[in-house]
Amino acid sequence: MPELPEVESIRLTLAKNTLGKKIIHIKILWSSAAISIPGYEFAELLKGKFIENFDRRGKYLLIGLSNGITMIVHFRMTGRLIYYPEIHPLDKHTHAVFCLDEGELHYSDIRKFGRIQLVPTAKAGEVASLVKLGPEPLDEAFSFDQLGQSLSKKKGTIKAALLDQTVIAGLGNIYADEALFRAGILPERNTRSLKVSEIILLYNSIYEILREGIDARGTSFRDYRDAEGNRGSFQESLMVYGRGGQECKGCGNPLERKKIAGRTTVFCLHCQR
DNA sequence: AGTGGCTCCTGAGCGC
DNA sequence: TGCGCTCAGGAGCCAC
């Protein structure tokens, strides 16, 4: 599932392959919920436009086009945007093909949870889902004070707080569990019970985990691929996610697996407290 | 206001 | 072999 490091990897590989290219035409194969406007209108708006820049906010990818329109993509669980230098056959779950002056870009999504919307670039900052987002964890301006302040407003468990995109943008189930393990904090801890020293540990862990995730070009636990169709490698470095019942890589005790904040959560009772 | 539960959707994995 | 069940989950929405 594309979280911040995966979306960032998609952004980088897309920019490398498609920046400055022209959209010749678009084939819409499935458009019911994924695209916010009727398919023909969507295709008409993008036809003949150049891909000018790529940005990312949390798990959202922002593609700037030459007509003053920004395409905002959220991949949710299984969304993919893959560039092929040559004409490439459609697969069962391809929803749209952007035919470029050189190569083509395929948007596919097995579970159909992904969303694409078009907004005027000038108003991209006003899009409700983006406005609500909390700070960017990799932004230089993001401090542990800021994290502490965001967390102080939350009740519930720290796991729920980390998944809340208004607290901090870009964490999903994988990186939330990994950051908590690294910080040595139990996911079920009440957010308000965290000491300043623990918030500093958590702040550093989030930063490191996301950086390492990007360096590994993301986590391909199952479906994730970057814009060149390649898998990431961070799944090899996971300490807890997807490892319930297995030995903790830190202490050797079996890892716990429990639903917290409605998400499967894996943690170590010995290494986290 | 904050929280918990439901919904969308498909494929994988399991037991029988 | 194949059926039917359960699970995986981001975020929007609703009820309390």
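Here is the naming used below: chain letters follow the sequence lines, and residue numbers restart at 1 for every chain.
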Between protein and nucleotides 4-7 of chain C, what N or O pairs are separated by less than 3.5 Å?
none

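- Residues that satisfy the salt bridge (Lys or Arg N to Asp or Glu O under 4.0 Å) test with A/Glu136, not counting sequence neighbours, are A/Arg56, A/Arg57.
- Not counting sequence neighbours, the partners of A/Glu212 by the salt bridge (Lys or Arg N to Asp or Glu O under 4.0 Å) test are A/Arg182.
- Proximity of residues 159-179 of chain A to DNA chain C (heavy atom under 4.0 angstrom from any strand atom) is restricted to A/Gln165, A/Asn173.
- Residue pairs meeting the side chain to side chain donor-acceptor pair (under 3.5 Å) criterion with at least one member in residues 138-147 of chain A: none, sequence neighbours excluded.
- Every residue two or more places apart in sequence or in another chain that forms a salt bridge (Lys or Arg N to Asp or Glu O under 4.0 Å) with A/Arg11 is listed here: A/Glu8.
- Every pair passing side chain to side chain donor-acceptor pair (under 3.5 Å) that includes a residue from residues 164-175 of chain A is listed here, sequence neighbours excluded: A/Glu6-A/Tyr175, A/Lys154-A/Asp164, A/Lys159-A/Asn173, A/Asp164-A/Thr166, A/Tyr175-A/Thr219.
- For A/Tyr224, the ring-ring contact (aromatic ring centres under 6.0 Å, His included) criterion is met by no residue, not counting sequence neighbours.
- Residues satisfying the ring-ring contact (aromatic ring centres under 6.0 Å, His included) test with A/His93, not counting sequence neighbours, are none.
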Show the atom names and distances, to 0.1 Å, of all donor-acceptor pairs under 3.5 Å that link a side chain in residues 196-204 of chain A to residues at least two apart or in another chain.
unit_1, atom_1, unit_2, atom_2, d
A/Glu198, OE1, A/Arg189, NH2, 2.7
A/Glu198, OE1, A/Lys195, N, 2.9
A/Glu198, OE2, A/Arg189, NH1, 3.1
A/Glu198, OE2, A/Arg189, NH2, 3.4
A/Tyr203, OH, A/Phe142, O, 2.6
A/Asn204, ND2, A/Ile200, O, 3.4

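- Remark: A/His270 pairs with no residue by the ring-ring contact (aromatic ring centres under 6.0 Å, His included) rule, at least two apart or across chains.
- Residues from residues 70-82 of chain A with heavy atoms under 4.0 angstrom of DNA chain C, sorted by number: A/His74, A/Arg76, A/Met77.
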